[in-house]
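For ligands, and for the atoms within them, numbers begin at 1 and follow the listed sequence.
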Amino acid sequence: MGELSTAHGVIQTPCFMPVGTQGTVKTLSPLELEQSGAQVLLSNAYHLFLRPGMDVIKQAGGLHNFMHWQKPILTDSGGYQIFSLALLRKIRDEGVEFQSHIDGTRHFLRPEDLIDIQRDLDSDIVMPLDECVHYPCAHDHAEQAMERTLEWAQRSKEYFARNQSHIAGSGQQILFGIVQGATYEDLRETCAKQLIEMDFTGYALGGISVGEPRTLRYNIVKFVTEILPQNKPRYLMGVGLPEDIIQAVESGVDMLDCVVPTRYGRNGTAFTSAGKLTVRNSGFSQDFTPLDKECRCYTCTSFSRAYLRHLCNTGEILGLRLVSLHNVHFFLELMRQIQRVIKDDKFLEFKKEFFGKYNNGADSR
Ligand SMILES: [Zn+2]
């Protein structure tokens, strides 16, 4: 268990970051997130740069003020989105040219521009531009993307250091390095070691959970995490389900983020201590027990499965909100439990107990 100090407060790790791509964690208010114990939110520079645009956010005084969230924010540069969403990409050593996936407008962004954008967002933790590849990816292509990621990391670091020297006091941002290299251990190792030489405040594992088999993913995460320094935060980007989180933390991961709690929430799927549960299930029509008996969230202390099922079946927005709220709370509570059992040196007992209940599956009862 560790701590990470940022300009907007201290983050206890291991931690899970709810995702607010557009400056909002879908359907939930910042107050609800705070009450659920969220310590840090993740947002996305690429999306916010396109909409509402940096002029608006600068006028608002940064993203914290704009969205009314005064705790830490980590922003992804959007490298992954540029490579997965944007149209007509041209990647050059200098930067990346693309067309907006929203209105087709053309943009050219260099690593330095992403540092500027994230400075204007006033992100606490800044991610450099990186090149993501899909799975499967040939070794030479993955190597090229990894080399470019390293070069961009170096440029980002230098530019970031020059920028930060102008800012006095507590407003300091933190810059992480991102390890790429697809599923190839040699590439991951080279990338991690060179980033360590550049000396970042924390290190992220990028390009994970992009379609590779789970065992391969677990192996790569473990392999890279073991190379990275233990006294600095290690952040696994875009992962994952509760079982993936537990596995990652066991490998030494300190920070994770994923859209899963709210995406599943909007589909009417709840994560519970007894496994995943489909709220629309006809078996719940007269079930007046909470979604999860062990959960203390507003949804579980106030509403029955029968009512939530009714809301989901009638397409009522409250249903999606309440299930999302429960899911976010479930993920955050899982991290609090993990923090406690790590402190008490009981992680393995906890893991066994968690899977013993979770793998039964709430739907199959
Ligand atoms: Zn709950």
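- Applying the side chain to side chain contact (heavy atoms under 4.5 Å, CB included) test to S282 and every residue at least two apart in sequence or in another chain returns R309.
- Note on ring orientation: taking the six-membered ring where Trp is involved, the planes of F330 and F354 are tilted (angle from 30° to 60°).
- Residue pairs that meet the side-chain hydrogen bond (donor to acceptor under 3.5 Å, both in side chains) test with at least one member in residues 320-329, sequence neighbours left out, are E32-R321.
- Using bins of under 30°, 30° to 60° and over 60° for the plane-to-plane angle, the ring pair H64/H8 lands in the parallel bin.
- Protein N/O/S atoms closer than 2.8 Å to the Zn ion (ligand 1), listed by chain and residue number, are C295 SG, C297 SG, C300 SG, H326 ND1.
- In this structure I102 satisfies the side chain to side chain contact (heavy atoms under 4.5 Å, CB included) test together with L50, R51, S100, sequence neighbours excluded.
- Here E158 does not pair with R155 in a salt bridge; the nearest charged N to carboxylate O distance is not below 4.0 Å.
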